[in-house]
Student: 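Below: one structure in structure tokens.
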Amino acid sequence: MHVVVAGQGYVGLPLAVRAAEVGHRVIGYDVDPHRVQQLATGESYVEDVASARLRAVLDSGAYRVTAEAAALARFDIAVITVPTPLRDGVPDLTYIESCAHTLGAHLRPGATVVLESTTYPGTTEELMLPILEKSSGLIAGADFHVGYSPERIDPGNKKWPFDKTPKVVSGIDAASLDVVKGFYDGLVETTVPVSGTKAAELAKLFENTYRHVNIALVNELAMLARPLGVNVWETIDAAASKPFGYMRFTPGPGVGGHCLPIDPSFLSWKVERAVGVPFRFVELANDVNNHMPDYVVRRLMEAFNTRRMAVSGSRVLLLGLAYKANTADARESPSARVAELLLDLGAEVRGADPHVVDDIRTDARLIRVEAAAEEIAASDAVVLLTDHAEFDYETILEHAPYVLDCQNRLSGANVDVL
């Protein structure tokens with residue numbers, strides 16, 4: 001089939017490459033000309049898609065990337081994987097709206113449009129579908145198919161890549177579901193059909209809200225266990241020995257990526273708008289997780305006070321700028337907030353991350369360095385925010401005068417754990 005994947009980021013590129021590998025003719029559409037140019041040369045910026053895989057589908061002719069809307073004509077299936085950010089606590093769906101207008105202009109009878117972008121229940125049928133109908137002059141259900149299939153990309157997860165992860169699929173009617181399911185059946189090992197698009201949209205938000213709330217629980221526990229004289233990590237390990245009724249979550253410097261800092265707020269916003277009551281679990285989880293960077297800085301200030309030092313004028317090395325280990329994904333990373341707070345307090349802050357090359361998400365005052373022995377030794381404090389495998393933990397222990405370990409990777413006389 002002629003497949004269009006609109007949006008070539010962490011979600012769209014793996015989908016587009018997989019679709020090309022199984023035999024579809026794929027157009028990767030993105031409005032960012034720099035991104036298009038980079039992909040066209042066979043250089044992948046998404047770690048889940050090796051450049052060799054990208055070049056293979058480019059060379060075969062199965063995949064082509066473009067910023068030209070005219071190239072979308074006569075598609076059989078179009079999948080929308082564009083961003084859905086929050087603006088002042090309100091979902092910004094302008095990328096979906098713009099993409100729907102563009103695709104609607106090229107929509108023809110028998111074609112299918114699937115939304116994958118994370119959003120609140122009702123977006124597919126109440127927002128996207130009317131735009132497609134207006135732009136095309138066609139009627140959804142009668143003339144073309146519409147579905148929703150939430151993305152489940154976990155950057156850097158080798159155990160559960162795109163094709164191994166079960167895919168929830170839905171349609172606005174039985175015929176749409178058949179087409180959507182058939183398409184994804186050819187891409188992934190398992191599809192999970194649900195009764196309608198709202199159920200699929202809510203499933204995605206619930207998955208991430210579940211994680212968000214439980215991470216907030218252990219983050220708050222970490223703050224409370226310390227004054228109680230209890231090692232929270234030991235407590236978590238002990239609780240995790242229970243073989244039923246418990247799932248392990250661990251504390252950290254905050255949450256990052258698109259999923260946890262943003263997705264639960266989509267659900268909270270929709271609930272309050274549609275039902276008229278707040279989603280209290282989400283609001284509480286947001287409050288706890290959003291303030292974990294403040295807690296990290298407060299712990300560091302306490303450590304400096306114990307050593308009769310001030311944060312102002314100190315040299316602090318942050319290890320890990322990505323939001324999770326062994327990836328380059330710095331979206332909404334708590335490291336940015338930690339750096340900002342320390343810089344505002346007058347510290348000289350340096351950051352090391354072997355994966356994150358793009359500095360656009362970090363404070364311009366942050367000095368980028370490598371985690372070399374001399375850099376570690378020259379620091380007054382080292383804060384391990386993200387435990388990348390590339391970091392030499394023995395060198396850190398040997399040379400750092402003090403370490404605040406937010407991931408429980410180190411132990412020693414010069415180490416405090418979160």
Side-chain angles (χ1 to χ4, degrees), residues 85-88 219 222-223 251-258 260-262 286-325 327-388 390-391 395-396 399-407 409-410 414-418:
L86 279 176
R87 309 287 188 195
D88 299 321
N219 277 338
M223 291 185 277
V255 294
H258 185 285
L260 300 191
I262 295 176
N286 283 343
D287 183 63
V288 173
N289 289 335
N290 290 345
H291 285 91
M292 283 306 292
D294 304 70
Y295 176 67
V296 170
V297 172
R298 190 161 71 248
R299 286 285 305 276
L300 193 59
M301 291 174 65
E302 292 173 2
F304 275 121
N305 288 341
T306 301
R307 297 160 62 201
R308 297 184 178 182
M309 295 176 61
V311 173
S312 180
S314 66
R315 180 164 163 173
V316 180
L317 174 62
L318 304 181
L319 295 180
L321 302 178
Y323 87 89
K324 63 177 293 187
T327 78
D329 194 346
R331 294 175 297 172
E332 309 296 331
S333 175
S335 63
R337 178 63 178 161
V338 172
E340 179 185 20
L341 290 170
L342 289 172
L343 288 162
D344 289 345
L345 288 170
E348 177 187 326
V349 184
R350 298 172 173 236
D353 194 301
H355 295 273
V356 177
V357 177
D358 189 350
D359 286 337
I360 62 172
R361 300 179 183 89
T362 58
D363 195 301
R365 298 171 291 170
L366 178 70
I367 303 169
R368 293 296 302 274
V369 297
E370 294 185 2
E374 57 271 19
E375 184 68 44
I376 294 168
S379 301
D380 295 307
V382 174
V383 184
L384 178 62
L385 295 172
T386 313
D387 52 339
H388 293 309
E390 288 85 350
F391 289 140
T395 297
I396 296 169
H399 294 282
Y402 170 78
V403 179
L404 177 57
D405 179 3
C406 299
Q407 301 294 341
R409 284 293 301 264
L410 300 166
N414 60 336
V415 177
D416 279 337
V417 294
L418 193 66

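Small disclaimer: the values here were computed from a predicted structure and weren't measured.
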Student: Could you walk me through whether His399 and Glu374 pass the side chain to side chain contact (heavy atoms under 4.5 Å, CB included) check?
Tutor: CA-CA 8 Å; His399 294 282; Glu374 57 271 19; over 6 Å; no
Student: Do any N or O atoms from the side chain of Asn414 and from the backbone of Ala400 form a donor-acceptor pair under 3.5 angstrom?
Tutor: yes
Student: When you compare the side chain of Val338 with that of Leu300, does any pair of heavy atoms fall below 4.5 Å?
Tutor: no
Student: With sequence neighbours left out, write down each residue that passes salt bridge (Lys or Arg N to Asp or Glu O under 4.0 Å) with Asp405, or none if nothing qualifies.
Tutor: none
Student: If you look only at pairs with a residue in residues 335-344, which of them pass as a salt bridge (charged side-chain N to carboxylate O under 4.0 Å, His left out), with sequence neighbours excluded?
Tutor: Asp294-Arg337, Arg337-Glu340, Asp344-Arg365
Student: Please report the C-alpha distance between Leu345 and Met301 in whole Å, then the side-chain angles of each, then the deciding distance to 0.1 Å, and finally whether the side chain to side chain contact (heavy atoms under 4.5 Å, CB included) criterion is met.
Tutor: CA-CA 10 Å; Leu345 288 170; Met301 291 174 65; 3.9 Å; yes
Student: Rounded at 0.5 Å granularity, tell me how far CG in Leu384 sits from CG in Leu317.
Tutor: 10.0 Å
Student: If every non-hydrogen atom of His355 is compared with every non-hydrogen atom of Thr327, which pair is closest and at what distance?
Tutor: CB-O, 3.2 Å
Student: Quick check: closest heavy atoms across His291 and Asp287, and the distance to 0.1 Å?
Tutor: ND1-O, 2.7 Å
Student: I'd like to know if the side chain of Asn219 and the backbone of Gly252 have a donor-acceptor N/O pair within less than 3.5 Å.
Tutor: yes
Student: Kindly say whether Asp416 contributes a backbone atom to a donor-acceptor pair with the side chain of Arg299 at under 3.5 angstrom?
Tutor: no
Student: Could you give me the CA-CA distance, side-chain angles and deciding distance for Cys406 and Val296, then say whether side chain to side chain contact (heavy atoms under 4.5 Å, CB included) is met?
Tutor: CA-CA 8 Å; Cys406 299; Val296 170; 4.0 Å; yes
Student: Give me the atom names and distance for the closest heavy-atom approach of Phe304 to Ala381.
Tutor: CZ-CB, 3.8 Å
Student: What is the minimum heavy-atom distance between Ala322 and Asp353, and which atoms define it?
Tutor: N-OD2, 3.0 Å
Student: Applying salt bridge (Lys or Arg N to Asp or Glu O under 4.0 Å), name anything that partners Arg315, two or more places apart in sequence or on another chain.
Tutor: Glu375
Student: Below 4.5 Å, heavy atoms only, C-beta onward: do Ile396 and Arg409 meet side chain to side chain?
Tutor: no
Student: Is it true that a side-chain atom of Gln407 and a backbone atom of Leu385 form a donor plus acceptor pair closer than 3.5 Å?
Tutor: yes
Student: Which heavy atom in Phe391 sits nearest to a heavy atom in Gly320, and how many Å separate them?
Tutor: CZ-N, 3.6 Å
Student: Identify the residue among Leu342, Val311, Val316 that makes a side-chain contact (heavy atoms from CB on, under 4.5 Å) with Val297.
Tutor: Leu342
Student: Check whether Thr395 reaches the backbone of Ala373 with its side chain - one donor and one acceptor, N or O, closer than 3.5 Å.
Tutor: no
Student: Closest heavy-atom contact between Val382 and Ser379?
Tutor: CG2-CB, 4.3 Å
Student: Return the CG to CD distance between Leu366 and Glu348, rounded to the nearest 0.5 Å.
Tutor: 10.5 Å
Student: Working to the nearest 0.5 Å, report the span between CZ of Arg298 and CG of Leu341.
Tutor: 11.0 Å
